[in-house]
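Excluded from the calculations below are hydrogen atoms, water molecules and symmetry mates; all remaining heavy atoms, backbone and side chain alike, are included. Below, chain A is the first sequence line, B the second, and so on; all start at residue 1.
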Amino acid sequence: MGCMSDVDADPRDLEAFAERFKQRRIKLGVTQADVGSALANLKIPGVGSLSQSTICRFESLTLSHNNMIALKPILQAWLEEAEKSHREKLAKPELFSGAEKKRKRTSIAAPEKRSLEAYFALQPRPSSEKIAAIAEKLDLKKNVYSAGI
DNA sequence: ATGCATGAGCC
DNA sequence: GCTCATGCATA
């Protein structure tokens with residue numbers, strides 16, 4: 001009866017894991033479909049993506065026992081990865097939000113551009129107060145000046 | 001979330 | 001042919 005070398009085959013463990021899995025997935029703001037497709041990024045040999053259906057069935061324990069056993073380590077691996085990178089984002093937002101932080105290329109309309117060039121001809125290196133004043137006059141954000149240098 | 005269909009592996 | 005894992009389509 002008590003055969004099988006599966007250390008992890010206890011239905012109670014599975015139940016507990018499935019529950020934790022779902023809660024933590026939701027806490028990460030990730031859908032079942034997201035999990036399924038993200039599995040492919042784990043690059044576990046012989047493991048591709050799974051469907052939303054399968055993730056759902058895993059969480060609700062409606063897969064066969066063997067199927068659950070087989071899927072558990074995979075989903076566990078995903079969960080650990082997901083939580084790791086989530087922590088990294090919280091710890092070092094500046095490294096990760098590069099795409100979000102980067103200012104878009106500034107484009108300056110022709111009239112403003114001519115004005116700025118005129119100001120620059122008069123005074124190539126104005127103080128930040130001057131810059132602010134110029135920005136005010138031209139109704140531009142003050143950091144636009146440095147974009148024009 | 002789930003009924004139904006499909007394809008892979010098995011004997 | 002049967003079982004099982006999985007996906008699609010849908011309410």
In whole Å, what is the span from the [atom1] atom of [X] to the [atom2] atom of [N]?
X	N	atom1	atom2	value
A/Leu71	C/dC4	CG	C1'	13 Å
A/Asn67	C/dA5	CG	P	4 Å
A/Asn66	B/dG9	CG	P	17 Å
A/Ile74	C/dT6	CD1	C1'	13 Å

Review point. Any side-chain heavy atom of A/Leu50 within less than 4.5 Å of one from A/Leu71?
Key: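 With C-beta onward as the side chain, the pair touches.
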Point to revise | Over 12 non-hydrogen atoms of neighbours within 6.0 angstrom of CD in A/Glu83 | key: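 Check passes, neighbour count above 12.
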Exercise for review: Would you please say whether a donor-acceptor pair under 3.5 Å links the side chains of A/Thr31 and A/Asp34?
Suggested key: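 Yes, because at least one side-chain N or O of A/Thr31 sits under 3.5 Å from a partner of the opposite role on A/Asp34.
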Point to revise | Closest approach of A/Leu75 to A/Val35 (non-hydrogen atoms, all atoms of both residues) | key: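 Smallest interatomic distance, heavy atoms only, reads CD2-CG1, 4.1 Å.
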Check your understanding: Should A/Lys84 and A/Glu81 count as an ion pair when the cut-off is N to O under 4.0 Å?
Key ->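 Judged by the 4.0 Å cut-off on N to carboxylate O distance, A/Lys84 and A/Glu81 do form a salt bridge.
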Practice item. Return the orientation label for the A/Phe21 and A/Trp78 ring planes: parallel under 30°, perpendicular over 60°, tilted otherwise. Key: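 Ring orientation, 0 to 90° scale: tilted.
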Review point. Among residues 31-61 of chain A, which residues get a heavy atom nearer than 4.0 Å to DNA chain B?
Key: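 A/Gln32, A/Gln52, A/Ser53, A/Cys56, A/Arg57 - these, ordered by number, are the residues of the stretch whose heavy atoms sit under 4.0 Å from the strand.
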